[in-house]
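Both backbone and side-chain heavy atoms feed into the values below; hydrogens, waters and symmetry mates do not. Computed from a predicted structure; not experimentally measured. Per chain, numbering begins at 1; letters A, B, ... match sequence-line order.
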There are 2 protein chains.
Amino acid sequence: MEKSVFQQVRDAFTPVLPVGLRTAVGIKEGEATTSVADQEVIKKMFPNTYGMPVVEFVEGEERGTDPINVGVILSGGQAPGGHNVITGLFDTIKKINPHSRLFGFLLGPGGLVDHKYIEITETYINDFRNTGGFDMIGSGRTKLEKEDQFEKGYEILKYLNIKALVIIGGDDSNTNACVLAEYYKMKNYPVQVIGCPKTIDGDLKCEQIEASFGFDTATKVYSELIGNIERDCNSSRKYWHFVKLMGRSASHIALECALQCHPNLCLISEEVEAKDLSLNDIVEDICRMVKYRSDRGMNYGVVLIPEGLIEFIPAIGRLIDELNDLLALHGKDYKDLSPMEQKQYILEHLSEENLKTFETLPDDVARQLSLDRDPHGNVQVSLIETERLLSRMVDAKLQAWKKEGKFNGSFNSIHHFFGYEGRCAAPSNFDANYCYALGASAAHLIANGKTGYMAVVRNTTAKPADWKAGGVPITSLFNVERRNGKMKPVIRKALVDLNGRPFKELVEHRDEWSKETSFVYPGPVQYWGPSELCDRTTKTLALERGGKA
Amino acid sequence: MEKSVFQQVRDAFTPVLPVGLRTAVGIKEGEATTSVADQEVIKKMFPNTYGMPVVEFVEGEERGTDPINVGVILSGGQAPGGHNVITGLFDTIKKINPHSRLFGFLLGPGGLVDHKYIEITETYINDFRNTGGFDMIGSGRTKLEKEDQFEKGYEILKYLNIKALVIIGGDDSNTNACVLAEYYKMKNYPVQVIGCPKTIDGDLKCEQIEASFGFDTATKVYSELIGNIERDCNSSRKYWHFVKLMGRSASHIALECALQCHPNLCLISEEVEAKDLSLNDIVEDICRMVKYRSDRGMNYGVVLIPEGLIEFIPAIGRLIDELNDLLALHGKDYKDLSPMEQKQYILEHLSEENLKTFETLPDDVARQLSLDRDPHGNVQVSLIETERLLSRMVDAKLQAWKKEGKFNGSFNSIHHFFGYEGRCAAPSNFDANYCYALGASAAHLIANGKTGYMAVVRNTTAKPADWKAGGVPITSLFNVERRNGKMKPVIRKALVDLNGRPFKELVEHRDEWSKETSFVYPGPVQYWGPSELCDRTTKTLALERGGKA
């Protein structure tokens, strides 16, 4: 691997460990926990891992430990800092006992099931310190949820004498980590399972989990780009930029970028749903803003769009649900129809309300909904280019307004979608420290015999030395939700809280941001330089933890 | 303007002036120059500004100067560092005489013609030091080339008692700056005109002009993003990323990013033209690479595409030329035809060779060529999404190969277009220093009574203190070319030199880069930190000036 100059210099960064994770690590156990909801059901489902206490690592007496073999898995989409979780884990199990060994399962949970792995050695790992990406062992999306997978996994764990497995992933992967922990405990298999909260989307958080790692870096990269685009927009003064941002369902990424960059508009899916807005409502809102600015000579602006928007528009959500049902029922015959006949079929079978929604959609989007299905027969919502859809509908409405004499400006749009640009950036100082501490915490949870825990690091708006590391029982995060028709224990996804401070901050300023040009240009992530710049957290974290934006 | 933390800290950066531009500035004049070609014609066209010497500023005796009023214009697309040219100019004319004044014409050359301007004061300018964007005074694309524009401009210059005008722009804007200088001199209007070499595209350079400003920063921003995408690609190992890069005709940006990031393939328009490759040749090349990697388990990779590619494919160029002629001749009737009839019309009228090319194009691209015209009736080549066009044609061919049993991998593509993301980034240390020195040089050219010069800074691979500042007569860069049917004096556009060291560096490694995964991850532009990281130049500049990549 040829290293860039940046990488050569960044190699030397030494993450700051919280005081509680330094030389002598003791453990402080709290009260027994209960799940956030559906306590009786969850307790019955997890008799061996329910009700355990939250734990915190503090300066204290350390017990010596026998060498231990640990396995690690990266699950799902990349997030900056994943490698540092692994280096923190590696360094700590070696510190606890130099004969400990670390194995990495390759390309995600599938590596465990298919027995594909490598041993992670000192020589190998050193090239990955403080780097972005998941290429140290690769990642994948295989869901670890069936007993035969658990058993296949146990075969290789037993073979490698692995006593603990660390699964680095999002809400689903951590849910599955807990199911696996419960299963191995129930079977009396001597393997502990520990989870780690990863996702740039920011939707895996709660009182105990202050942030999922990667959110900090990814939003800073996107904000760099949005700031650059805003400055371009404010220099040439002739384009409207429609920027879609990754983040699956939740709008945390869009919200954080808005707080950093002050765009003219930032749509928040959760608000669209709560207010039951239609696609047309959203388009009209944008048109009114474009007209307002145009009337004042400003034929330009920037609009942020969260990836999940389209599904959160209640009318579109209902349409998609009916389409999925309709085409599932009639899938076979339907497939043999010509595109024209398919459209006709849909027009004839949709309920009146959904038909109305369907008819408001531009042709190619309607076609995408009626034609392109994923292997499970579902509408492929993620393929819909919401940023283009919106700008086109805005354009059409403004043309209509022009004919009515209500608008006489110009409207030219440019589109962007940012996702892959930030998921593998080199972790910011925050993520580099946070992830390293998460890995170290995971190691101490293992050393203390814990299973079914997620590693956590709290008090993260303080200096890294003062962060509090520990673990939280995953069952305490569970509630029961319907998934694919079945009631399942899952970690509740943290969507944007419309009563939370980050959203309120947006609400407080957005009228001004839409009318004025209040762009802020955050610049690229800096790894060296003044601490107020290099070590700042996200605005979301600062606000959620009681600080200032 | 609310400033980001980055901006607050970056405000304090003090650009390093070359020694020759510090306290006492003297001037060293070289030999008389001649134009690069067509000397007799150019000499006749520019009797007052032809043959002047190259000048260099050196430590020496400075003459005191009366206060002078200067005007400045930003012309064309944004480039990082434009504001620093203006701060360098401002600080230097104030240093020469504190009563000097600077006026900025608004939104490009149009501001001069329409008499829209502001005075740039100390308070106003300080917010823009070391920032990206052209928002200090805005930019625009009005071409300054007609006598009545020159006369309208002179009215306001006279009114404001402006003795010198600095035009910051690309090859066309600098050409026009020289035409304006010649015109004012011919008319005995006491206004000097000085140009400054700006463009992220990198196509305004020669022995005297080592780089156009903005290229350094923009290519570093794009390389950051490409590196992040490469790392993502190498982590999930399931996508081919097709990345189109801004840069109009020349492929310098794509080439520089390739040298920084080592993608699997980087197309170079100039090579495509020289080798007379067809679209199909390019597609086959990509397919062979995809197959090679797929056969070895690598169903992923990264391809860089220069913006101008499509026009450089000779067959497509010829097709576009014939279509432009054909539809210009029959424009009126043609417009009234239905899309179907238009296509039919084209099929019936195209020459046999171009018809063949036309028929290889996917439907919607063919439609774009036959239907969508700009206001001058020309095909809108820039609207063609080459990155999608290529990946779709690759996909189609691989499907065909699959049926023939020649390919059995998978091919999933993702598309990106980077341009607006980098044009307004905060200037790198290189561009911040380079632009400040260009502005200071422009001021000294003015103080020395020069007109028809471009400010230049040379020896830029040395430390900034050792850079050599001066000026070069714009006429010396001219040759005569046919533009819109007329022979015109223009600065020869610097395309990628297929015998130059940067391209040879690519050629030397590209086979390895395509077969192996040799990605390099450059990281974001750093403004603080070790000098080898923060002050490094582009690979292109280093190689062109005899250094290592």
Contacting region of [X] [heavy-atom separation from chain A under 4.5 Å]:
X: R141(B); result: side chain
X: S518(B); result: neither
X: L107(B); result: side chain
X: E224(B); result: side chain
X: H416(B); result: side chain
X: E421(B); result: both

For residues S235(B) and S139(A), determine if any side-chain heavy atom of one lies less than 4.5 Å from a side-chain heavy atom of the other.
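Side-chain contact under 4.5 Å: no.
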Can you tell which of [options] has the highest number of heavy-atom pairs within less than 4.5 Å of chain B?
options: G133(A), P522(A), G138(A); result: P522(A)
options: N228(A), V5(A), I226(A), D232(A); result: D232(A)
options: K238(A), Q260(A), R388(A); result: R388(A)
options: L74(A), I137(A), T131(A); result: T131(A)

Name the region of [X], side chain, backbone, both or neither, that has any atom closer than 4.5 Å to a heavy atom of chain B.
X: I414(A); answer: side chain
X: Q78(A); answer: side chain
X: Y527(A); answer: both
X: H415(A); answer: neither

When you check the gap from the basic side-chain N to the acidic O, do D135(A) and R237(B) get nearer than 4.0 Å?
no
Heavy-atom pair of closest approach, residues Y222(B) and G419(B):
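Closest heavy-atom pair between Y222(B) and G419(B): OH-O, 2.6 Å.
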P80(A) versus A218(A), closest heavy-atom pair with distance:
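Here P80(A) and A218(A) meet closest at CG-N, 4.3 Å.
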Tell me, with the steps shown, if H262(A) and E230(A) meet side chain to side chain donor-acceptor pair (under 3.5 Å).
CA-CA 9 Å; H262(A) 305 185; E230(A) 286 179 341; over 6 Å; no
For chain A, find which of Q8(B), K3(B), E385(B) contributes the most heavy-atom pairs closer than 4.5 angstrom.
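Of the options given, most contacts go to E385(B).
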Best-contacting candidate, G529(B), G422(B), S236(B), against chain A by heavy atom pairs under 4.5 angstrom
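Of G529(B), G422(B), S236(B), S236(B) has the most heavy-atom pairs under 4.5 Å with chain A.
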Can you say whether the rings of Y239(A) and H241(A) are parallel (under 30°), tilted (30 to 60°) or perpendicular (over 60°)?
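Ring orientation, 0 to 90° scale: perpendicular.
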Once you measure the plane-to-plane angle for W528(B) and F6(B), does it fall in the parallel (<30°), tilted (30-60°) or perpendicular (>60°) bin?
perpendicular
Please check if the side chain of N84(B) supplies one atom and the backbone of N130(B) the other of a donor-acceptor pair under 3.5 Å.
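Yes; judged by distance alone, with no hydrogens or angles, the pair exists.
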Is the backbone N or O of W513(B) less than 3.5 Å from a side-chain atom of N264(B), with the two atoms forming a donor-acceptor pair by type?
yes
Can you tell which of L245(A), T538(A), L304(A) makes a side chain to side chain contact (heavy atoms under 4.5 Å, CB included) with I253(A)?
L245(A)
